[in-house]
Amino acid sequence: MSLDAILMMAVTMVLIWGGFIAALVIAMRQERRARKEGAVDSDGDS
Amino acid sequence: VTQNKDLFSSRWELILAALGMAIGTGNIWRFPRIIARVGGGAFIVPWLLFLFIWSIPLLLLEFGLGRGTRKGCVGAVGTLIGERFAWLGGFVALCSTAIMFYYSVVTGWCLKYLFAAVSGGLGAINSADQGLQYFIRFSGSWEPMLFHLLAIGICSLIVWRGISGGIEKANKIMIPSLLIILVVSMWRALTLPGAERGLQFLFTPHWETLLDYRTWLEALTQSAWSVGAGWGLLLSYAVYMKKREDVTANSLIIGMGDYSASLLAALIIIPTAFALIPAALPGGADMTVVQQYQETVKVIQAAPPYQQYNPASTGLTFVFIPALLNSIQADFGVVFMVIFFLALTMAAVSSLIAMVELATRILMDAGMQRKRAILIVGSAGFLFGVPSALNMRFFENQDWVWGVGLIVSGLFLSLTAIKYGVDRFRRELINVGPGIKVGRWFNWLVAVALPVQFLALIAWWFYQTARGDWWNPFAVANPGTCIFQWGVAIIFLLIVNRPLARRSVRGELLSPVEG
């Protein structure tokens, strides 16, 4: 494979898969914080 | 005001269902073809840009509408900007429901090919021409109707069982399984001898293609059709979400998750094709990789039966993949084929479930019980899908009219926010509770960027298909048939707007908007 193809592949994977994983991690942290604070009740409407 | 207890059990269940809605056949088959045809690695640049300036703003609008009003498309738009505008939401719902009719047929094709792959029925397909003959025999028989019935039946049954008992459970199994299948298949595809030529083809950036406006419009089209933003499907799921969830992070997960599945699919299809094409094409080994790919597509499209039947872009999957995979070592080819069609079936079923739920939600807002509503939606889904199951030209026409109609749906959602006040929408319906706050950039994207992108896309698609008889309402794919069918739909919606809006907007709230 040529260098520019390898670079493009790496950048694409980091941006897309990395972006997906980063968004998941943010949501997981938010959920953990919400559980700690007891902010979310059973139906979430409070 | 009653409390609706049938909410998604947790944020993760909502995200899985939304990923199921977004990841469909367009990710697994359309994206690899488009990226291979347009610009290779350079395509990633506009494709990523449109995620942030088309798909994510529309996902945020849908989350805000569904969660804020606790109603489906018609009721949500009517509640927010007034009953006389409810028909805008009606168009969004009608467009996605019209897609449901023929998407159930596509899901039926996936089921048929999955059964055929398991039973070894696809084993005799060794060339694209044989693949086409098999598809034509299948599509000309009564089988598409049977599998269409099976597809809409399965999805109706899942929706019948409600959010936590049906939709949530189905997606909890299907989406992780789908992602595992894609990752395992990618690993196998990348370890095939010669797969690196596929990677080279896929990722070599042809920067000059960024100067061509068609690359940008293809990227916008791919983002719009693949993520499913602006279709009203996410809006229907957001009705059942908990109030304080961060919709911005959810939108990022859905958008990025959909793109991740597309990238996985490209890393399966293209390297596999390049590893196998020399065996599938006479003299293929002497060609450059670009020529090999183009030659393969030409072989399929030049076949006389293709000209006659033209099984639309999705149909190419069913023509090309069996021939391709049968050229792998016998046993492995069969296993890979079963896995591929299983993944395709799960992607299609999870998207069809969302479409069935959307239509069911509209009837429930109008005062119907879920079980009665699903009976009507399932029966109508089967009946109105029959013409597409029996006639490929009708299928292609519907795919064209309502596929482009989705872009109009996106515009209507943005007009809803503009009428309500985009900044007010952002503050009152999106930035609710803790989490990432959406900034003022959102106002500009919704009020300016979305309408401009709509105009560019509509103009481009109409320009591409406008020939001498561009006005002919009965052509398969031209501006005339779109304008005619959208016009009939809008006139119908305007006629029924008052009673439909009144029932949808003033009906009993499912769950209080404010706690």
Side-chain angles (χ1 to χ4, degrees), chain A, chain B residues 3-12 15 19 35 40-45 47-48 51 67 70 196-207 241-246 248-264 266-267 433-436 511-515:
Chain A
M1 274 176 79
S2 61
L3 183 64
D4 54 352
I6 292 172
L7 274 175
M8 198 67 211
M9 182 168 77
V11 169
T12 305
M13 286 173 176
V14 167
L15 283 177
I16 293 172
W17 292 344
F20 180 47
I21 292 165
L24 279 174
V25 169
I26 290 170
M28 276 156 64
R29 283 186 169 184
Q30 286 175 341
E31 287 301 293
R32 199 179 308 148
R33 198 177 309 135
R35 264 202 308 276
K36 269 186 192 164
E37 292 169 3
V40 177
D41 69 359
S42 58
D43 67 4
D45 276 323
S46 66
Chain B
Q3 284 274 354
N4 171 41
K5 293 296 177 191
D6 198 16
L7 299 174
F8 282 105
S9 331
S10 76
R11 183 179 187 176
W12 304 113
I15 286 172
L19 281 173
I35 192 172
F43 182 77
I44 304 290
V45 176
W47 182 55
L48 261 176
L51 173 67
R67 181 180 63 175
R70 298 293 189 195
E196 72 281 358
R197 290 181 304 135
L199 290 179
Q200 168 82 29
F201 177 67
L202 190 58
F203 289 108
T204 301
H206 302 287
W207 298 115
M241 74 186 287
K242 291 180 179 175
K243 192 182 162 195
R244 294 176 65 83
E245 282 174 19
D246 178 359
T248 314
N250 284 1
S251 300
L252 278 171
I253 294 173
I254 296 161
M256 283 294 183
D258 178 83
Y259 270 40
S260 296
S262 293
L263 185 59
L264 278 171
L267 286 168
I436 305 169
S511 181
V513 175
E514 295 302 327

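Per chain, numbering begins at 1; letters A, B, ... match sequence-line order. Model, not experiment: these values are computed from the prediction.
Listed options A:Val11, A:Ile21, A:Thr12 were ranked by heavy-atom pairs under 4.5 angstrom with chain B; first place goes to A:Thr12. Of the listed residues (B:Met256, B:Glu245, B:Glu196), the one with the most heavy-atom contacts under 4.5 Å to chain A is B:Met256. Across B:Leu252, B:Ile254, B:Ile253, the residue that shares the most heavy-atom pairs under 4.5 angstrom with chain A is B:Ile253.
Taking CZ of B:Arg244 as the start and CG of B:Asp246 as the end, the distance is 11.5 Å to the nearest 0.5 Å. With rounding to the nearest 0.5 angstrom, the CG atom of B:Leu202 is 9.0 Å from the CE atom of A:Met9.
Heavy-atom distances place no part of B:Leu51 under 4.5 Å from chain A, backbone and side chain included. Heavy-atom distances place both the backbone and the side chain of A:Leu15 under 4.5 Å from chain B. Proximity to chain B (any heavy atom under 4.5 Å) is restricted, for A:Ile26, to the side chain, taken from C-beta onward.
You'll find the side chain of B:Leu264 reaches within 4.5 Å of the side chain of A:Trp17, heavy atoms only. Using a 4.5 Å cut-off on side-chain heavy atoms (C-beta onward), B:Lys243 and B:Arg70 make contact.
At least one donor-acceptor pair under 3.5 Å links the side chain of B:Tyr259 to the backbone N or O of B:Trp47.
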